[in-house]
Asks: 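Quick one: structure below, then a few questions.
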Amino acid sequence: MKLDVEIYRCLRDFTLDLSFSAGEGCLGILGASGCGKSMTLKSIAGIIRPDRGRIVLSGEEDSVLFDAEKSICVPPQKRQVGYLFQHYALFPHMTVEENILVGLEGREAAEKRKGKKHRFGAGLRKEKRGQRLGELVEQFRLHGLEKHYPGQLSGGQQQRTALARIFAYEPAVLLLDEPFSAMDSFLREGLRLELAGVLKRFSGISILVTHDQDEAFWLCSHLLLMDKGKVLAAGKTREVFRQPKFCSAARLTGCRNISRIQRLGAHRVRALDWNGLELVTEDAVEERHSAVGIRAHDLKEVPDTQVKAWEDKAGGNLIPVGKASFSEMPFAWYITLENGLWWKKEKEMNARGKAGMLPGWLRVEPSAVLLLEGE
């Protein structure tokens with residue numbers, strides 16, 4: 001099964017103009033707030049209509065959900081798409097079981113329109129609703145909450161209810177719009193684990209929109225980086241993080257150290273924004289490369305006894321710490337080196353003081369120096 005998306009829509013601040021495909025596994029769309037991520041999901045779901053483009057769901061047979069040239073725009077309730085909104089959109093006047101029954105009734109209506117057994121599951125007869133309802137309550141751990149209203153539920157219980165309602169509909173495509181944005185960090189971690197399990201069991205296509213790089217890395221097998229309505233980079237998640245290619249993409253994936261460069265050789269550059277620091281790169285420096293990036297965790301301490309050895313080694317990439325500024329967090333020091341590089345140093349909760357905590361030098365492997373394009 002595959003979903004092909006081509007959409008174009010003029011917005012007030014920018015133009016949404018992108019093309020991508022989603023298939024097996026979860027596709028993450030990562031970008032800053034207001035870049036068009038949610039608008040993309042709403043286009044797929046049929047909530048808004050693009051100015052131009054085409055959206056096709058391919059499987060045993062192709063289903064054209066939208067085609068501007070042919071004036072095709074399938075209504076949302078006929079698209080086999082489940083949409084988990086940021087705040088879940090549960091019906092506040094309905095109990096948990098009544099909300100789930102809405103999904104079951106939508107499934108029955110969809111199969112009735114087709115007039116045949118649906119390819120994603122047998123038609124649900126009224127006498128089997130209770131059985132299916134019980135299965136969904138069990139699957140999403142809602143036992144004992146069936147008669148509760150959304151206002152009586154925790155954030156996690158609301159999310160599980162919304163997912164149960166979506167899965168009752170048996171969608172071919174599952175869209176998740178910033179599902180953890182309104183939650184505190186403690187609750188978010190637990191729900192990420194739960195959602196990871198749900199996505200692993202889901203046999204259809206899933207697309208997760210987020211502005212959190214950790215969330216995207218954890219939950220998504222493939223990733224699309226987005227900025228102002230355009231695709232910056234796309235591919236397997238680990239590969240996109242390993243080599244984001246563009247400065248804007250590097251920032252989206254959490255790289256805070258980026259400097260303009262002067263090319264000194266095929267594998268050597270001068271970092272203009274880091275006091276002229278010279279670095280050796282593993283990949284060849286080409287004319288299109290305008291900057292380098294170093295992730296904070298790729299900066300490694302060099303013991304005093306090893307400094308001379310690294311100075312003599314080609315590709316040693318020694319970095320002087322100099323006079324640094326500190327910001328203390330419960331489990332780490334956030335340290336800005338004299339040359340402007342940012343470094344995160346882990347610490348114990350009860351550690352006190354900064355005396356003796358800093359080495360004189362850090363280093364970075366040539367393979368960890370990201371060659372980037374753009375600004």
Side-chain angles (χ1 to χ4, degrees), residues 1-86 110 119-120 166 171-178 199 202-211 216 219-237 239-240 244-246 248-249 252-253 373-374:
M1 190 185 304
K2 187 173 76 162
L3 182 71
D4 293 307
V5 178
E6 294 179 26
I7 50 178
Y8 180 96
R9 182 182 171 94
C10 288
L11 304 174
R12 184 178 64 180
D13 299 324
F14 59 87
T15 298
L16 184 65
D17 184 7
L18 71 166
S19 174
F20 65 90
S21 296
E24 184 179 351
C26 182
L27 171 67
I29 301 180
L30 176 64
S33 297
C35 72
K37 304 186 303 294
S38 293
M39 190 71 69
T40 300
L41 289 196
K42 289 174 181 176
S43 298
I44 296 170
I47 298 171
I48 67 163
R49 181 170 182 158
D51 300 328
R52 299 199 302 268
R54 196 165 186 263
I55 303 172
V56 180
L57 178 61
S58 304
E60 295 176 10
E61 58 186 57
D62 288 352
S63 177
V64 179
L65 306 182
F66 175 74
D67 191 320
E69 288 188 2
K70 297 181 180 179
S71 298
I72 297 172
C73 188
V74 176
Q77 64 271 23
K78 296 182 180 181
R79 290 198 176 197
Q80 302 174 26
V81 172
Y83 198 124
L84 183 67
F85 292 88
Q86 289 185 26
R119 55 181 164 153
F120 297 108
I166 290 171
V173 180
L174 177 61
L175 306 178
L176 304 129
D177 192 354
E178 300 271 12
L199 293 175
F202 182 54
S203 59
I205 295 165
S206 54
I207 302 176
L208 170 73
V209 152
T210 182
H211 63 271
L219 294 171
C220 305
S221 59
H222 292 75
L223 190 62
L224 183 152
L225 300 181
M226 195 171 170
D227 184 44
K228 294 183 180 179
K230 304 292 192 298
V231 175
L232 295 176
K236 293 183 178 179
T237 300
E239 183 59 27
V240 172
K245 297 182 181 179
F246 296 93
S248 51
L252 279 177
T253 57
E373 303 174 41

Asks: Is there a donor-acceptor contact under 3.5 Å from the side chain of Thr237 to the main chain of Cys220?
Replies: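 At least one qualifying donor-acceptor pair exists.
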Asks: Roughly how far apart are Leu174 CG and Cys26 SG, rounded to 0.5 Å?
Replies: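 Spacing of CG (Leu174) from SG (Cys26) equals 8.0 Å.
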Asks: Take atom NZ in Lys230; do more than 12 heavy atoms of anything else shown fall under 6.0 Å from it?
Replies: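 Count over threshold, so yes.
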Asks: How far apart are the closest heavy atoms of Glu24 and Ser221, and which atoms are they?
Replies: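 Reported closest heavy-atom pair: O-OG, 4.1 Å.
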Asks: Hey, could you give me the CZ/SG distance between Arg52 and Cys10, rounded to the nearest 0.5 Å?
Replies: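 Here the rounded value is 7.5 Å.
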Asks: Using the salt bridge (charged side-chain N to carboxylate O under 4.0 Å, His left out) criterion, which residues pair with Lys236? Sequence neighbours excluded.
Replies: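 Expected list: none.
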Asks: Of all residues at least two apart in sequence or in a different chain, which pass the salt bridge (charged side-chain N to carboxylate O under 4.0 Å, His left out) check with Asp4?
Replies: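 For Asp4, the residues satisfying salt bridge (charged side-chain N to carboxylate O under 4.0 Å, His left out) (neighbours in sequence not counted) are Lys2.
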Asks: Please report the closest heavy-atom contact between Ile205 and Gly23, naming both atoms and the distance.
Replies: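 Minimum heavy-atom contact is CG1-O, 4.0 Å.
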Asks: Any chance you could measure Leu176, atom CG, to Leu199, atom CG, to the nearest 0.5 Å?
Replies: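 So the gap between those two atoms works out to 6.0 Å.
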Asks: Specify the closest pair of heavy atoms between Pro244 and Ala233, including all atoms of both residues, with the distance to one decimal.
Replies: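 Pro244 and Ala233 have their closest heavy atoms at O-CB, 4.3 Å.
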Asks: Determine whether more than 12 heavy atoms belonging to other residues, nucleotides or ligands lie under 6.0 Å from atom CD of Glu239.
Replies: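 Yes, enclosed.
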Asks: Keeping the roles fixed (side chain from Lys37, backbone from Met226), state whether a donor-acceptor pair exists under 3.5 Å.
Replies: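 Not a single qualifying donor-acceptor pair exists.
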Asks: Looking at Ser43 and Ile55, what are the two nearest heavy atoms and their distance?
Replies: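 In terms of heavy atoms, the two residues are closest at O-CD1, 3.5 Å.
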Asks: What's the shortest heavy-atom distance between Ile44 and Val81, and which atoms?
Replies: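 It is O-CG2, 4.3 Å.
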Asks: Go through it in stages, so that I can follow the logic: the residues are Ile166 and Phe202, the test is side-chain contact (heavy atoms from CB on, under 4.5 Å), and I'd like the CA-CA distance, side-chain angles, deciding distance and then a yes or no.
Replies: CA-CA 12 Å; Ile166 290 171; Phe202 182 54; over 6 Å; no
